[in-house]
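Given the structure is predicted, the values throughout are model-derived calculations rather than measurements. The chains referred to below are lettered A, B, ... by the order of the sequence lines, with proteins before strands, and numbering in each begins at 1.
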Amino acid sequence: MSADPFDPAGWDDAPAATPATAVPAAPPPYLDGLNPEQRQAVEATDGPVLVLAGAGTGKTRVLTTRIAHLLHLGKAWPGQILAVTFTNKAAREMQQRVAGIIGGVAEGMSWLGTFHSIAARILRRHAELVGLQPNFTILDTDDQVRLLKQILAAEGMDEKRFPARNLAGLIDRWKNRALTPEKLGADDAQSFGDGKGRTLYAAYQERLKTLNAADFGDLLLHVITIFQKHPDVLADWQRRFKYILVDEYQDTNVAQYLWLRLLAQRWRNLCCVGDDDQSIYGWRGAEVGNILKFESDFPGALVIRLERNYRSTGHILAAASGLIAANEGRLGKTLWTEDDMGEKVRVIGYWDGEEEARASADLIEGMRGHGRRLSEMAILVRAGHQTRAFEERFVTVGLPYRVIGGPRFYERQEIRDALAYFRVLVSPDDDLAFERIVNVPKRGLGDATVQQLHLLARERNISLHHAATLITETDELKPKARSSLRDLIDGFGRWRAAGRDLPHPELAEMVLDESGYTAMWQADKSAEAPGRLDNLKELVDALAGFESLAAFLDHVALVMEIERGDGNQDMVTLMTLHGAKGLEFPVVFLPGWEEGLFPSQRSLDENGLAGLEEERRLAYVGITRARETAIISHAANRRVYNQWQSAIPSRFIDELPRNHVEAEARPGLWGGTMGDRGFGSQLREADLFGDRGLSPGFQRAATAKPVRHLDASFERVTANENTGDDFARGQRVFHQKFGYGRITNIDGNKLDIAFDKAGAKKVIASFVSKA
DNA sequence: CAACTTTAGTTTTTT
DNA sequence: ACTAAAGTTG
């Protein structure tokens, strides 16, 4: 969160005695309008409570009201309530809503934040207990991988066979499970690089310690270690946090669960809010098990179900509920609403992905014509790349849209470079940052020079920056390298001195200018360069909101986003289903419901039934984002990696309860020939689902047809177009059987092609297409 | 050291 | 098709 980690506020204020209990005269106004279950969840202040909050049942309202209630009753001071979320966005929202209920007092909610930001604050106070200094750096994934690369190289391991990225993922998963190198089971310890898993992990942790750095996983893991080894420290924190609240509990991993359990042990006033049906982050370590076994972990826990939905109409809710019912091992909830049935969920079949995008854009325009605002509509996709077809279509028809997600501000190259400069400025011994910018912009300090620095640094056990200072005083380097290294080191000295009486935004600008970094992008004439310069400007602007560079850097490490103000324009929203969790829109488009895509084949292959169920929960999350209109679609054919693939409709479509769904298909698609595909009248439901009832196979059979049409049509198209005239020697081409190749010779409509895989062949032009 | 070529991978994403 | 990253040249 925005709390300055170096700000001692809240560090040494001993937990206050229980505040005097102010007895409220009348029932507090914030309780009005809560339904009985919500009210119960708010009023059951003491003891463990699990709130199973279905989609749209007022989960955040319960959490925030509960905090307000605790404060109102005088059960605790703001500083004695720990409220954790997963994302900064959720933390911010909660902060605001608490403030909204109780007025400015929420200022004191200093322990409302993400798991990581709160763990980081705790860790800074006890860093020395795990061999770190209080000002340790927080590494992101990028730094992590670069560090691991060095470690793998040092161990003499082949980066090809054992990619650093994989090891990073593995270590991350271990940390998610609260496993330190010593605690790794024999299997895990052996699991990477010829059984070197544990050794590499231990070496990595050693390096982190030397660098005075922690990665994201460490923030929690170190705190757990400290709590386990120092009961006095744990006791202090336990005493402080009289009430603990957890948002999105279904997303907690083992480490987070342990961390919570340790902290909650004393007062046992732990309130977890979550929805097992919305657990969609299993792939990054979330344990649905945490929510499923809450009652046994906290005996006597009160379990409250919030089942009244305030978001969606009846048909939408029923469709979603019917779908999720196919999952096993649920805690089970029955959502209901007093709202109208509304429109049925629409299921539309398209010929291909382009038609899907075109028709969806038409539907959007149509609804816009009927008074819908674009900002009321969202397209939620399974995978990021699916947005492309829609973007292309929206651009051609001039429909304003915004894509949420994608590369984030602080992950951009220029921003990370600039931050590395700041990091070296603030902590000269930050080797990773130093290495990143030592030759950016190019100063003639290549691999060879850096290797020499590494050598000296390791020999003397000093940082790269220090080594660089020393080496410029010798003649070990070539004169050119020496003088530019000298310049860089002097630069940092000068900037550090200047920083003493210059406001830090100006200092930052000075660093970027004098180091030549700004000039580098000004000289770059590629298309992205101007944008990058804008981003740098934005970065410097963002700095102004912070006390110091150090405070800013810490903020950046934990909050990887920047506030942007493009929210007020009327645009359609495009994003992934994962990104949509917690949001709602009057109109939701759910394209790409095809086997292989959704449920994702990969998920099925890697995680079997568990994977399928998580995909189904994702589908459930998707449908329940809709307030009034949900439109599911699937395409018979789609171009994937430049290859046409046919797919049958998703099994999730079969699983939707028939009574709440209205199926449509374009005529020619399911019966006639390609040529008379036209604008679609609706078909009877039976045309899509078949007349034979509920067997899942029928739909497959029905939809297998267009697949055959596809192949025929392509032969026809290619035969008409490719007479050989379009091709040139050297042209990359694609052949249905032989794959990719390059044209070596042309003889009329016969081509000689050197195929990548299949070797040299003579082929008729009509059988290949341009790649 | 920079420019060019080849090759592998290509779900979801926070902190 | 596309991208990013590694390998190969001049």
Using the test side chain to side chain contact (heavy atoms under 4.5 Å, CB included), find all partners of Ser484(A) that sit at least two apart in sequence or belong to another chain.
Arg443(A), Leu445(A)

note: Gln645(A), atom CD; dT10(B), atom C1'; distance rounded to Å ~ 12 Å

What is the nucleic acid contact for Ser600(A), judged by heavy atoms within less than 4.0 Å: base, sugar-phosphate only, or nothing?
base

With a non-hydrogen cut-off below 4.0 angstrom, is Gly444(A) in contact with a base, only sugar-phosphate, or nothing?
sugar-phosphate

Residues in ring-ring contact (aromatic ring centres under 6.0 Å, His included) with Phe434(A), at least two apart?
His465(A)

Secondary-structure stems, DNA chain B, at least 3 Watson-Crick or G-U base pairs under 3.5 Å
B:1-10 with C:1-10

Only counting residues at least two apart or in another chain, list the ones meeting ring-ring contact (aromatic ring centres under 6.0 Å, His included) with Tyr201(A).
Trp174(A)

Would you indicate, yes or no, if dC1(B) has its OP1 or OP2 atom less than 4.0 angstrom from a side-chain nitrogen or oxygen of Lys478(A)?
no

Just to verify, what does Gln386(A) make a side chain to side chain contact (heavy atoms under 4.5 Å, CB included) with, not counting sequence neighbours?
Val381(A), Arg382(A), Ala383(A), Leu597(A)

Expressed in angstrom and rounded to an integer, what is the separation of Glu614(A) atom CD from dT13(B) atom P?
13 Å

Compare side-chain N and O positions of Arg165(A) against OP1 and OP2 of dG9(B) and report whether any pair is under 4.0 Å apart.
no

Side chain to side chain contact (heavy atoms under 4.5 Å, CB included) with Ala580(A): which residues, sequence neighbours excluded?
Leu380(A), Met575(A), Arg625(A)

